[in-house]
Amino acid sequence: MESLNFSDWGLISYADAFDRQKELFEEAIRLKLSNQSGKNTLVFCEHPPVITVGKSGKMMNLLFPEDVLAEKGVALFMVDRGGDVTFHGPGQLVGYPIFDLDSMGLGLKEYIIRMEEAVILLLASYGIRSGRLEGATGVWLDTGHPQLTRKICAIGVRSSHYVTMHGFALNVNTDLEYFHLINPCGFVDKGVTSLQKELGREVNMQEVKEKLYQIFIELFCK
(Lines give C-alpha, C1' and ligand atoms only; values in the text may rest on other atoms or scores of the structure.)
Protein backbone atom coordinates (compact mmCIF):
# COMPACT_ATOMS: atom_id res chain seq x y z
CA MET A 1 0.00 0.00 0.00
CA GLU A 2 1.33 3.44 -0.93
CA SER A 3 1.58 5.90 1.96
CA LEU A 4 0.03 9.36 1.77
CA ASN A 5 1.51 12.34 3.56
CA PHE A 6 -1.15 14.94 4.38
CA SER A 7 -0.75 18.68 5.03
CA ASP A 8 -3.39 21.32 5.69
CA TRP A 9 -2.00 24.78 4.95
CA GLY A 10 -5.18 26.61 5.89
CA LEU A 11 -5.71 30.03 4.30
CA ILE A 12 -2.52 30.85 2.37
CA SER A 13 -1.70 33.23 -0.46
CA TYR A 14 -1.55 31.64 -3.88
CA ALA A 15 2.07 32.77 -4.35
CA ASP A 16 3.22 31.21 -1.07
CA ALA A 17 1.32 28.00 -1.75
CA PHE A 18 2.79 27.77 -5.23
CA ASP A 19 6.33 28.13 -3.88
CA ARG A 20 5.79 25.49 -1.21
CA GLN A 21 4.09 23.16 -3.67
CA LYS A 22 6.92 23.61 -6.18
CA GLU A 23 9.47 22.63 -3.53
CA LEU A 24 7.57 19.41 -2.79
CA PHE A 25 7.18 18.72 -6.52
CA GLU A 26 10.86 19.23 -7.31
CA GLU A 27 11.97 17.19 -4.30
CA ALA A 28 9.68 14.32 -5.36
CA ILE A 29 11.20 14.36 -8.85
CA ARG A 30 14.74 14.52 -7.44
CA LEU A 31 14.12 11.48 -5.25
CA LYS A 32 12.53 9.60 -8.10
CA LEU A 33 15.39 10.28 -10.53
CA SER A 34 17.90 9.14 -7.90
CA ASN A 35 15.92 5.92 -7.34
CA GLN A 36 14.96 6.91 -3.82
CA SER A 37 11.45 6.47 -2.50
CA GLY A 38 9.50 9.50 -1.40
CA LYS A 39 6.07 10.03 0.09
CA ASN A 40 3.08 11.01 -1.99
CA THR A 41 1.74 14.24 -0.51
CA LEU A 42 -1.81 15.61 -0.46
CA VAL A 43 -2.16 19.29 0.45
CA PHE A 44 -5.44 21.01 1.30
CA CYS A 45 -5.72 24.80 1.56
CA GLU A 46 -7.80 27.88 0.79
CA HIS A 47 -6.64 31.04 -0.96
CA PRO A 48 -7.53 34.73 -0.71
CA PRO A 49 -9.31 35.84 -3.92
CA VAL A 50 -7.17 35.04 -6.97
CA ILE A 51 -7.71 34.30 -10.65
CA THR A 52 -5.29 31.90 -12.31
CA VAL A 53 -4.77 31.39 -16.04
CA GLY A 54 -3.47 28.01 -17.20
CA LYS A 55 -1.12 27.19 -20.09
CA SER A 56 -3.99 26.90 -22.56
CA GLY A 57 -5.88 29.84 -21.08
CA LYS A 58 -7.25 32.59 -23.30
CA MET A 59 -7.09 36.14 -21.99
CA MET A 60 -10.48 36.82 -23.57
CA ASN A 61 -11.92 34.68 -20.76
CA LEU A 62 -10.70 37.27 -18.27
CA LEU A 63 -13.56 39.75 -18.39
CA PHE A 64 -11.85 42.65 -16.54
CA PRO A 65 -8.32 44.11 -16.79
CA GLU A 66 -5.80 43.45 -14.04
CA ASP A 67 -6.11 46.92 -12.49
CA VAL A 68 -9.87 46.47 -12.07
CA LEU A 69 -9.30 43.06 -10.51
CA ALA A 70 -6.80 44.64 -8.10
CA GLU A 71 -9.40 47.24 -7.09
CA LYS A 72 -11.74 44.35 -6.28
CA GLY A 73 -9.04 42.70 -4.18
CA VAL A 74 -8.43 39.88 -6.66
CA ALA A 75 -4.88 38.85 -7.59
CA LEU A 76 -3.95 37.44 -11.02
CA PHE A 77 -1.44 34.68 -11.78
CA MET A 78 -0.31 32.97 -14.98
CA VAL A 79 0.40 29.35 -14.03
CA ASP A 80 1.90 26.21 -15.53
CA ARG A 81 -1.06 23.88 -15.10
CA GLY A 82 -3.38 22.63 -17.80
CA GLY A 83 -6.76 24.27 -18.26
CA ASP A 84 -8.03 27.78 -18.82
CA VAL A 85 -9.11 30.49 -16.38
CA THR A 86 -10.42 29.78 -12.89
CA PHE A 87 -11.03 31.49 -9.57
CA HIS A 88 -9.85 30.55 -6.08
CA GLY A 89 -11.11 32.15 -2.90
CA PRO A 90 -12.11 31.60 0.71
CA GLY A 91 -14.66 28.83 1.17
CA GLN A 92 -13.19 26.86 -1.73
CA LEU A 93 -11.26 23.71 -0.90
CA VAL A 94 -8.12 23.57 -3.05
CA GLY A 95 -6.23 20.28 -3.23
CA TYR A 96 -2.66 19.87 -4.41
CA PRO A 97 -1.70 16.19 -4.78
CA ILE A 98 2.03 15.80 -5.32
CA PHE A 99 1.86 12.16 -6.41
CA ASP A 100 4.34 9.85 -8.13
CA LEU A 101 1.91 8.17 -10.50
CA ASP A 102 4.35 5.35 -11.26
CA SER A 103 4.27 4.35 -7.59
CA MET A 104 0.49 4.09 -7.86
CA GLY A 105 0.46 2.30 -11.20
CA LEU A 106 -1.48 5.16 -12.79
CA GLY A 107 -1.28 7.08 -16.04
CA LEU A 108 -2.18 10.76 -16.14
CA LYS A 109 -5.66 10.19 -17.60
CA GLU A 110 -6.55 7.59 -14.96
CA TYR A 111 -5.21 9.90 -12.25
CA ILE A 112 -7.54 12.70 -13.34
CA ILE A 113 -10.46 10.28 -13.53
CA ARG A 114 -9.78 9.11 -9.97
CA MET A 115 -9.51 12.68 -8.72
CA GLU A 116 -12.89 13.42 -10.29
CA GLU A 117 -14.26 10.21 -8.75
CA ALA A 118 -13.07 11.30 -5.30
CA VAL A 119 -15.13 14.50 -5.57
CA ILE A 120 -18.12 12.65 -7.03
CA LEU A 121 -18.09 10.28 -4.04
CA LEU A 122 -17.74 13.18 -1.62
CA LEU A 123 -20.73 14.97 -3.13
CA ALA A 124 -22.77 11.76 -3.03
CA SER A 125 -22.19 11.65 0.74
CA TYR A 126 -24.09 14.96 0.89
CA GLY A 127 -26.87 13.65 -1.35
CA ILE A 128 -25.64 15.55 -4.41
CA ARG A 129 -25.58 13.65 -7.69
CA SER A 130 -22.72 14.71 -9.94
CA GLY A 131 -20.64 13.42 -12.83
CA ARG A 132 -18.33 14.19 -15.71
CA LEU A 133 -18.96 16.29 -18.81
CA GLU A 134 -17.61 14.95 -22.09
CA GLY A 135 -14.71 17.02 -23.36
CA ALA A 136 -14.23 18.88 -20.07
CA THR A 137 -12.36 17.94 -16.92
CA GLY A 138 -13.81 18.56 -13.49
CA VAL A 139 -17.05 17.62 -11.75
CA TRP A 140 -20.43 18.82 -12.95
CA LEU A 141 -24.10 18.74 -11.99
CA ASP A 142 -27.08 18.11 -14.30
CA THR A 143 -24.90 17.08 -17.24
CA GLY A 144 -27.96 15.61 -18.96
CA HIS A 145 -29.64 19.02 -19.08
CA PRO A 146 -27.42 21.52 -20.96
CA GLN A 147 -29.46 24.50 -19.78
CA LEU A 148 -28.84 23.53 -16.15
CA THR A 149 -25.29 22.11 -16.33
CA ARG A 150 -23.04 23.74 -13.73
CA LYS A 151 -19.55 23.11 -12.44
CA ILE A 152 -18.75 22.51 -8.80
CA CYS A 153 -15.12 21.41 -9.05
CA ALA A 154 -12.37 22.51 -11.44
CA ILE A 155 -9.30 20.39 -12.17
CA GLY A 156 -5.97 21.44 -13.67
CA VAL A 157 -2.77 19.42 -13.48
CA ARG A 158 0.91 19.62 -14.36
CA SER A 159 3.13 16.54 -14.47
CA SER A 160 6.82 15.87 -15.03
CA HIS A 161 8.38 12.40 -14.87
CA TYR A 162 4.85 11.28 -13.88
CA VAL A 163 4.99 13.38 -10.72
CA THR A 164 1.99 15.72 -10.39
CA MET A 165 1.30 19.17 -9.01
CA HIS A 166 -1.66 21.56 -8.99
CA GLY A 167 -4.94 19.63 -8.69
CA PHE A 168 -8.56 20.51 -7.91
CA ALA A 169 -10.67 23.39 -6.60
CA LEU A 170 -14.00 22.40 -5.01
CA ASN A 171 -16.56 25.10 -4.27
CA VAL A 172 -17.78 24.48 -0.73
CA ASN A 173 -18.88 27.85 0.68
CA THR A 174 -17.33 29.94 -2.09
CA ASP A 175 -18.71 33.40 -2.94
CA LEU A 176 -19.83 32.59 -6.48
CA GLU A 177 -20.12 36.27 -7.44
CA TYR A 178 -16.39 36.26 -8.17
CA PHE A 179 -16.97 33.92 -11.11
CA HIS A 180 -18.68 36.80 -12.92
CA LEU A 181 -15.18 38.22 -13.44
CA ILE A 182 -14.29 35.38 -15.82
CA ASN A 183 -15.60 32.78 -18.22
CA PRO A 184 -14.91 29.88 -15.85
CA CYS A 185 -12.62 27.34 -17.52
CA GLY A 186 -13.41 29.06 -20.81
CA PHE A 187 -17.13 28.22 -20.80
CA VAL A 188 -19.63 30.94 -21.63
CA ASP A 189 -22.74 28.74 -21.49
CA LYS A 190 -22.22 26.85 -18.21
CA GLY A 191 -22.82 27.94 -14.64
CA VAL A 192 -20.93 27.35 -11.42
CA THR A 193 -22.24 26.17 -8.09
CA SER A 194 -21.13 25.17 -4.61
CA LEU A 195 -22.03 22.72 -1.88
CA GLN A 196 -23.53 25.63 0.05
CA LYS A 197 -25.73 26.68 -2.86
CA GLU A 198 -26.90 23.14 -3.61
CA LEU A 199 -27.68 22.31 0.03
CA GLY A 200 -29.04 25.71 1.00
CA ARG A 201 -26.78 25.93 4.03
CA GLU A 202 -23.18 26.61 4.98
CA VAL A 203 -21.11 23.42 5.04
CA ASN A 204 -18.50 22.57 7.66
CA MET A 205 -15.16 22.82 5.82
CA GLN A 206 -13.32 20.60 8.29
CA GLU A 207 -15.90 17.87 7.75
CA VAL A 208 -15.43 18.14 3.98
CA LYS A 209 -11.65 17.88 4.37
CA GLU A 210 -11.88 14.80 6.57
CA LYS A 211 -14.31 13.04 4.24
CA LEU A 212 -12.32 13.84 1.12
CA TYR A 213 -9.03 12.80 2.70
CA GLN A 214 -10.48 9.38 3.54
CA ILE A 215 -11.80 9.00 -0.01
CA PHE A 216 -8.34 9.83 -1.41
CA ILE A 217 -6.86 7.13 0.82
CA GLU A 218 -9.37 4.62 -0.51
CA LEU A 219 -8.84 5.54 -4.18
CA PHE A 220 -5.10 6.15 -4.29
CA CYS A 221 -3.56 4.01 -1.52
CA LYS A 222 -4.14 0.44 -2.62
Next item on the list: Using the test side chain to side chain donor-acceptor pair (under 3.5 Å), find all partners of His161 that sit at least two apart in sequence or belong to another chain.
Entry: none
Next item on the list: May I ask whether Phe25 and Leu33 are part of the same hydrophobic cluster, defined by side-chain heavy atoms of I, L, V, M, F, W, Y residues being less than 4.5 angstrom apart, directly or through others?
Entry: yes
Notebook entry, point to check: Would you say the side chain of Val119 lies within less than 4.5 Å of the side chain of Ser130, judging by non-hydrogen atoms?
Noted result: no
Next item on the list: State plainly whether one hydrophobic cluster holds both Phe168 and Leu108, where clusters connect Ile, Leu, Val, Met, Phe, Trp and Tyr through side-chain heavy atoms under 4.5 angstrom apart.
Entry: yes
Note to self: Is it the case that over 12 heavy atoms from other parts of the model lie below 6.0 angstrom from the NZ atom of Lys39?
What the structure shows: no
Check: Should Ile217 and Leu170 be regarded as members of a common hydrophobic cluster, given that ILVMFWY residues are connected when their side-chain heavy atoms come within less than 4.5 Å of each other, either directly or indirectly?
Finding: yes
Notebook entry, point to check: Quick one: does Ile120's side chain get under 4.5 Å of Arg132's, heavy atoms only?
Noted result: yes
Check: Among Val172, Asn204, Asp8, which one satisfies side-chain contact (heavy atoms from CB on, under 4.5 Å) with Lys209?
Finding: Asp8
Item checked: Side-chain touch Tyr14/Thr52, heavy atoms, less than 4.5 angstrom -> yes
Check: Does a donor on one side chain sit under 3.5 Å from an acceptor on the other, for Ser34 and Gln36?
Finding: yes
Check: Quick one: are Phe18 and His47 in side-chain contact, heavy atoms under 4.5 Å?
Finding: no
Check: Side-chain heavy atoms under 4.5 angstrom apart, residues restricted to Ile, Leu, Val, Met, Phe, Trp, Tyr: same cluster for Leu24 and Leu31?
Finding: no
What donor-acceptor contacts under 3.5 angstrom involve side-chain atoms of residues 62-71, with partners at least two apart or in another chain?
none

Next item on the list: Answer yes or no: is there a side-chain heavy-atom contact under 4.5 Å between Phe87 and Val192?
Entry: no
Margin query: With ring-ring contact (aromatic ring centres under 6.0 Å, His included) as the test, pick out the partner of Phe44 among Tyr213, Tyr96, Phe6.
Written below: Phe6
Check: Hey, what do you get for CD1 (Ile29) to CD1 (Ile98), rounding to the nearest 0.5 Å?
Finding: 10.5 Å
Notebook entry, point to check: Are any of the side-chain heavy atoms of Arg150 and Lys197 separated by less than 4.5 Å?
Noted result: no
Next item on the list: Flag this pair as yes if the NZ/CZ of Lys151 is under 6.0 angstrom from the six-membered ring centre of Phe179 and inside a 45 degree cone about the axis; otherwise no.
Entry: no
Notebook entry, point to check: Charged N to carboxylate O below 4.0 Å: is that the case for Glu26 and Arg30?
Noted result: no
Margin query: Among residues at least two apart in sequence or on other chains, which ones pass side-chain contact (heavy atoms from CB on, under 4.5 Å) with Lys32?
Written below: Asp100, Asp102, Tyr162, Val163
